[in-house]
Structure formats: structure tokens, C-alpha cells
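Since the structure comes first, as C-alpha cells, the remarks are kept for the end.
Only this structure's heavy atoms are used, side chains among them; waters, hydrogens and symmetry mates stay out. Position 1 is the first residue of the sequence, and the numbers go up from there. Counting starts at 1 for both ligands and their atoms, in listed order.
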Amino acid sequence: MHKHNLQPKHELVYLTEDASHDGVIELINAEAFGPGRHARAAARIREQGPHDRSLSFVCTDDGETIASVRMTPVLAGGVKGHLLGPLAVRPSHKNQGIGRELVRIAIEAARRKGSEAVILVGDPPYYCPLGFEKVAYNALEFPGPVDPARVLVVPIAEDVHSRLKGTIGWRD
Ligand SMILES: CC(C)(COP(=O)(O)OP(=O)(O)OC[C@H]1O[C@@H](n2cnc3c(N)ncnc32)[C@H](O)[C@@H]1OP(=O)(O)O)[C@@H](O)C(=O)NCCC(=O)NCCS
């Protein structure tokens, strides 16, 4: 039998990100979002400081990294939370629940770490079934233009919605 026939066809494993994943994550994000990705308002926050690897995850299929989610610590008005993103799944692996599982794992990890909220800019039809709610229109000021209808939050602490007022930026 040929060696590759012995390999399982789909062996999905979810791992905490480490530095060895950086190169392939860059490729996955370039493929998913294209060259304009660095101009997005959420990307500008991520340029302000490093993401938190302990809350960032990859999915591997038979050892090959095929999806990634990152989390960056932010102060959003009065809320010490995390910005979720980028989330990207390679086209070959879409619609298998991998994106949804990465979001679930990242939220759970943030909760365990004491984060007050998980915030992102994304499509409500995808994220609202995963526990996200709309942030009040223009309550958060991003370092660049965002569509206010796409600013979403999973509240973890008390009174998150009332405290999500002001600027959002990277925090230590
Ligand atoms: C969006 C993305 C992360 C979803 O990951 P995935 O593993 O394919 O998604 P899942 O398998 O968890 O969920 C698939 C479901 O979400 C739906 N979906 C995917 N993108 C969606 C969107 N933008 N809006 C609404 N629904 C969406 C699919 O139609 C599918 O629905 P179904 O279960 O009823 O068939 C992935 O397609 C991707 O990397 N896209 C390009 C980058 C991107 O847009 N990232 C999100 C940034 S906001």
C-alpha cells in the first residue's frame, strides 16, 4: 500500500497557536482576505500590539494547518475584552463547521482567562448564531471606518453593553 493511503483522509485537530504557525497563517489570511486586509479598521487595532497566542487557535488536517483564529487584547470603552479576528478557513475546508468551532474555542478560552467580552467586526448572519449580539450603533470608535451594523460582541461580564462606549484600541 502507498504511504498516503495509510494516512487518515480527514484528521482535524485544534491546537493553540504558536510561532511555528505564523507563516502559514499569513498565507491563509492573504488567501481569504486579499491585499486590502491591512487597511481594515480591525487590522489597525491589531497593528497596535501583539495578539494573545494563548487565546488564538489553528485547525490542522492531517498535520497541515488549514484554518486560524486570532484574539487581540483590547480596551473597548470601559470593557477589557478581546478582538476576534482574523478568522479564516482555507477554501478546501469551508462549510465543515471549522470556522464555527474555532470561534467557540476562542470564546471559551477568553471566558476562562477572565475576558469581559469578545468583540469583532463581521457578518451578523454568521456570528449571531454563535452568541454575538449587535453593539449599539457607533458606540465604539474604531481607528478607521467600520460599518456600525457589523460591530458585534459576546458579553461575558456584567453590564458589557452599557460600558461599550468610547474608543477601542489595543491594551497591555
Ligand atoms: C467565513 C468563514 C470563516 C466560515 O468558515 P467555515 O468553516 O466555512 O464556516 P462553518 O462551516 O463554520 O459555517 C458554514 C455556514 O456559515 C455560512 N456562512 C459562511 N460565511 C457566511 C457569511 N459571511 N454570512 C452568513 N453566513 C455565512 C455558510 O453558508 C454555512 O451555512 P450552512 O451551515 O447553513 O451551510 C470562511 O468561509 C472564510 O474563511 N471566509 C473568508 C474569510 C472571511 O470572510 N472571514 C470572516 C471575516 S468576518
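In this structure, atom 23 (N) of ligand 1 has a protein heavy-atom contact shorter than 4.0 Å. Atom 1 (C) of ligand 1 lies below 4.0 Å from none of the non-hydrogen atoms of the protein. Within a 4.0 Å radius of atom 35 (O) of ligand 1, the protein has no heavy atom. Remark: atom 32 (P) of ligand 1 lies closer than 4.0 Å to no protein heavy atom.
The shortest N or O to N or O distance between Ala88 and ligand 1 is not under 3.5 Å.
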Decide yes or no on side-chain hydrogen bond (donor to acceptor under 3.5 Å, both in side chains) for Ser56 and His51, but give the supporting numbers first. CA-CA 8 Å; Ser56 300; His51 63 289; 4.5 Å; no
How far apart are the C-alpha atoms of Glu133 and His161, what are their side-chain angles, what is the distance that settles it, and do they pass the side-chain hydrogen bond (donor to acceptor under 3.5 Å, both in side chains) test? CA-CA 9 Å; Glu133 302 166 5; His161 280 283; 2.6 Å; yes
Full working for salt bridge (charged side-chain N to carboxylate O under 4.0 Å, His left out) between Arg37 and Glu26: CA-CA 11 Å; Arg37 67 194 182 284; Glu26 184 59 24; 2.6 Å; yes
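Heavy-atom proximity to Gln96, at under 4.0 Å, picks out these atoms of ligand 1: 11 (O). Atoms of ligand 1 lying under 4.0 Å from any heavy atom of Ala32, numbered from 1 in the order shown and given with element: 41 (C), 42 (C). Those atoms of ligand 1 that come under 4.0 Å of a heavy atom in Asp123, given as number and element, are 22 (C), 23 (N), 24 (N). Interface atoms of ligand 1 facing Gly122, defined by a heavy-atom separation under 4.0 Å, are 48 (S). In summary, the atoms of ligand 1 found under 4.0 Å from a heavy atom of Tyr127, numbered by their order in the structure, are 46 (C), 47 (C), 48 (S).
Protein heavy atom closest to atom 44 (O) of ligand 1, with residue, atom name and distance, is Phe33 CE2, 4.0 Å. Of the protein's non-hydrogen atoms, the one nearest atom 38 (C) of ligand 1 is Lys94 CE, 3.7 Å. With hydrogens left out, the protein atom closest to atom 17 (C) of ligand 1 is Tyr126 CD1, 4.0 Å, a heavy atom. With hydrogens left out, the protein atom closest to atom 7 (O) of ligand 1 is Gly99 N, 2.8 Å, a heavy atom. From the protein, the heavy atom lying nearest to atom 45 (N) of ligand 1 is Leu87 O, 3.1 Å. The shortest contact between atom 39 (O) of ligand 1 and any protein heavy atom is with Val89 N, 2.8 Å. Regarding atom 11 (O) of ligand 1, its nearest protein heavy-atom neighbour is Gly97 N, 2.6 Å.
At least one test fails for Arg44 against the ring of Phe142: distance under 6.0 Å to the centre or angle within 45° of the axis.
Comment: Arg111 does not engage Glu116 in a salt bridge, judged by the lack of any side-chain N to carboxylate O separation of less than 4.0 angstrom.
Heavy atoms of Glu101 found under 4.0 angstrom from ligand 1: none, in either backbone or side chain.
We find the CG-CZ distance between Leu130 and Arg100 to be 7.0 Å, quoted to the nearest 0.5 Å. Asp18 CG to Asp22 CG: the interatomic distance, rounded to the nearest 0.5 Å, is 8.0 Å.
Counting only N and O atoms by type, the side chains of Lys113 and Ser54 include a donor and acceptor under 3.5 Å apart.
Looking at Arg46, its side chain does come within 3.5 Å of a backbone N or O of Gly85 through a donor-acceptor pair.
Each of Val154, Leu87, Val118 was checked for a side-chain contact (heavy atoms from CB on, under 4.5 Å) with Tyr127, and the lone residue meeting it is Leu87.
Environment of CD in Glu47: crowded, with over 12 heavy atoms of neighbouring residues, nucleotides or ligands closer than 6.0 Å.
Proximity annotation for atom 30 (C) of ligand 1: of Val121, Leu152, Asn95, Asn95 comes nearest, heavy atoms only.
Both Leu120 and Leu55 belong to a common hydrophobic cluster when Ile, Leu, Val, Met, Phe, Trp and Tyr are linked at side-chain heavy-atom distances under 4.5 angstrom.
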